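Treat the numbers as computed from the prediction; the structure is a model and nothing was measured.
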Amino acid sequence: MIQPMIKRLLVIFWGCFCLQMIACAQVGADKPAYVLYDNEGKAITYGRLIEQLEKYDVVFLGEMHNCPITHWLEFEITRSLFHIHKDKLMLGEEMMESDNQLILDEYFQNRISYERFEAEARLWPNYSTDYYPVVYFAKENRIPFIATNVPRRYANAVKNGGFEALDSLSDEAKKYIAPLPISFNYDEKESGAAFSIMNMMGGRKSGDNYKLAQAQAVKDATMGWFIARNMKDKFLHINGSYHSDWKGGIVPYLLQYRPGTSVVTVTSVRQENTDRLDEENKGRADFYICVPEDMVTGY
């Protein structure tokens with residue numbers, strides 16, 4: 001009787017020991033906030049990423065709107081590319097709308113106060129925490145900053161009435177939109193997947209998918225148009241990842257308006273395990289910012 005009892009005690013002891021060792025290993029294991037990958041799924045350093053990005057005419061930084069790590073890296077990448085390109089670099093972002101270019105310019109030229117800029121430029125709710133650092137850095141270093149996105153009232157009009165809603169706009173209004181008519185190919189499967197990603201990232205979906213896709217096309221075309229129209233040498237653009245993933249969204253419009261432009265894309269992904277790039281994410285971009293699924297969100 002004693003021997004079986006000893007065996008049971010040894011099993012229990014060994015089990016407890018193993019569990020403790022696993023717990024200790026987890027506590028002591030590295031917990032990287034992010035891992036960078038290239039398009040082959042190979043982990044790379046930040047320095048290697050910058051070495052590659054500096055070669056291209058336009059860099060698209062595709063973000064998850066509520067990811068603090070993504071926003072911090074956008075700021076770091078902006079600083080690094082400015083250090084390399086100096087006055088050849090221009091910036092732009094989805095979060096600024098084209099009809100607010102004058103307000104943005106006046107703020108950069110210190111003609112209006114930050115308070116007036118904040119009150120009048122229709123800034124995103126998370127501007128102060130997530131986009132202010134890049135905008136302020138550009139202002140302090142006199143980096144030209146382009147408000148590339150279509151005014152949301154026109155995107156909303158398309159969402160409700162289709163492209164036809166743009167035809168009745170005044171010539172003045174059309175200055176803030178890509179040239180009409182806007183080329184458009186509808187892929188129901190692709191659009192559905194894009195809207196799913198938007199929803200996960202905090203976007204709002206309402207209405208039928210066809211008109212929603214047209215509204216997205218107006219945004220993509222307008223962003224591509226204002227990049228093409230304004231860029232002189234190097235351009236860094238910040239946008240939701242679904243606007244540049246798979247080299248779609250803005251990219252084909254940019255190449256339509258400015259043929260021969262070299263483009264590189266960076267996207268942000270969340271994964272349960274960041275030790276390797278998941279197969280489902282491969283092909284989405286040239287480079288990846290991979291963060292843990294349980295990373296805190298900004299909202």
When you measure from the side chain of [X] to the backbone of [Y], do you find a donor-acceptor pair of N or O atoms at a distance under 3.5 Å?
X: Thr222; Y: Ala178; answer: yes
X: Lys86; Y: His83; answer: yes
X: Ser98; Y: Tyr176; answer: yes
X: Asp208; Y: Lys211; answer: yes

Intermediate values then yes/no, side chain to side chain contact (heavy atoms under 4.5 Å, CB included), Glu94 and Ile238
CA-CA 6 Å; Glu94 171 195 357; Ile238 297 173; over 6 Å; no
Side chain to side chain donor-acceptor pair (under 3.5 Å) assessment of Asp57 paired with Thr261: CA-CA 6 Å; Asp57 299 329; Thr261 302; 5.0 Å; no
Quick one: are [X] and [Y] in side-chain contact, heavy atoms under 4.5 Å?
X: Thr70; Y: Tyr34; result: no
X: Lys139; Y: Phe117; result: no
X: Val291; Y: Met64; result: yes
X: Val264; Y: Gln52; result: no
X: Ser80; Y: Tyr46; result: yes
X: Glu93; Y: Val135; result: yes
X: Tyr253; Y: Ile182; result: yes
X: Ile289; Y: Leu36; result: yes

(message) Run Arg276 and Val35 through side chain to side chain contact (heavy atoms under 4.5 Å, CB included) and show every step you take.
(response) CA-CA 9 Å; Arg276 58 180 174 78; Val35 180; over 6 Å; no
Rounded to the nearest 0.5 Å, how far apart are [atom1] of [X] and [atom2] of [Y]?
X: Glu63; Y: Leu73; atom1: CD; atom2: CG; result: 11.5 Å
X: Leu53; Y: Thr265; atom1: CG; atom2: OG1; result: 9.5 Å
X: His65; Y: Asn239; atom1: NE2; atom2: CG; result: 8.0 Å

Kindly work out whether a path of hydrophobic side-chain contacts (I/L/V/M/F/W/Y, heavy atoms less than 4.5 Å apart) joins [X] to [Y].
X: Val266; Y: Leu277; value: no
X: Met295; Y: Tyr37; value: no
X: Ile77; Y: Ile143; value: yes
X: Leu102; Y: Tyr154; value: no
X: Tyr242; Y: Val269; value: no

Is there a side chain to side chain contact (heavy atoms under 4.5 Å, CB included) between Asp187 and Asn185 once you walk through the steps? CA-CA 7 Å; Asp187 185 319; Asn185 293 310; over 6 Å; no
Query - Electrostatic pair Asp99:Arg122 at N-O distance under 4.0 angstrom - result: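 Result for this pair is yes, salt bridge flagged.
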Next item on the list: Give a yes or no on whether a salt bridge exists between Arg111 and Asp105, defined as a side-chain N under 4.0 angstrom from a carboxylate O.
Entry: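 Result for this pair is no, no salt bridge flagged.
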Q.
Between Arg142 and Asp87, does the salt bridge (charged side-chain N to carboxylate O under 4.0 Å, His left out) criterion hold? Intermediate values first, please.
A. CA-CA 8 Å; Arg142 299 182 179 180; Asp87 61 358; over 6 Å; no
Taking every non-hydrogen atom, the tightest pair across [X] and [Y]:
X: Ala215; Y: Ala155; value: CB-O, 3.5 Å
X: Ala33; Y: Pro292; value: O-CD, 3.2 Å
X: Asp220; Y: His243; value: OD1-ND1, 2.5 Å

Could you check whether atom [atom1] of [X] has more than 12 heavy atoms from other residues, nucleotides or ligands sitting under 6.0 Å from it?
X: Glu293; atom1: CD; result: yes
X: Lys174; atom1: NZ; result: yes
X: Lys42; atom1: NZ; result: no
X: Glu272; atom1: CD; result: no
X: Tyr114; atom1: OH; result: yes

Open item on the list: Are Tyr107 and Phe145, when compared by the centres of their aromatic rings, separated by less than 6.0 Å?
Closed with: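 No, ring centres 6.0 Å or more apart.
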Is it the case that the ring center of Phe184 lies less than 6.0 angstrom away from the ring center of Tyr210?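 Yes: the rings meet the under 6.0 Å criterion.
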**Message:** Against Glu97, only a single residue in Arg153, Lys219, Arg152 fulfils salt bridge (Lys or Arg N to Asp or Glu O under 4.0 Å); can you say which?
**Reply:**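 That would be Arg152; it is the only one of Arg153, Lys219, Arg152 passing the salt bridge (Lys or Arg N to Asp or Glu O under 4.0 Å) with Glu97.
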I would like to know whether Gln271 and Tyr288 meet side chain to side chain donor-acceptor pair (under 3.5 Å); could you show each step before the answer? CA-CA 12 Å; Gln271 294 187 178; Tyr288 299 80; over 6 Å; no
query = After noting the C-alpha distance and the side-chain angles of Phe60 and Ile227, does the key distance pass the side chain to side chain contact (heavy atoms under 4.5 Å, CB included) rule?
reply = CA-CA 11 Å; Phe60 285 101; Ile227 294 172; 3.8 Å; yes
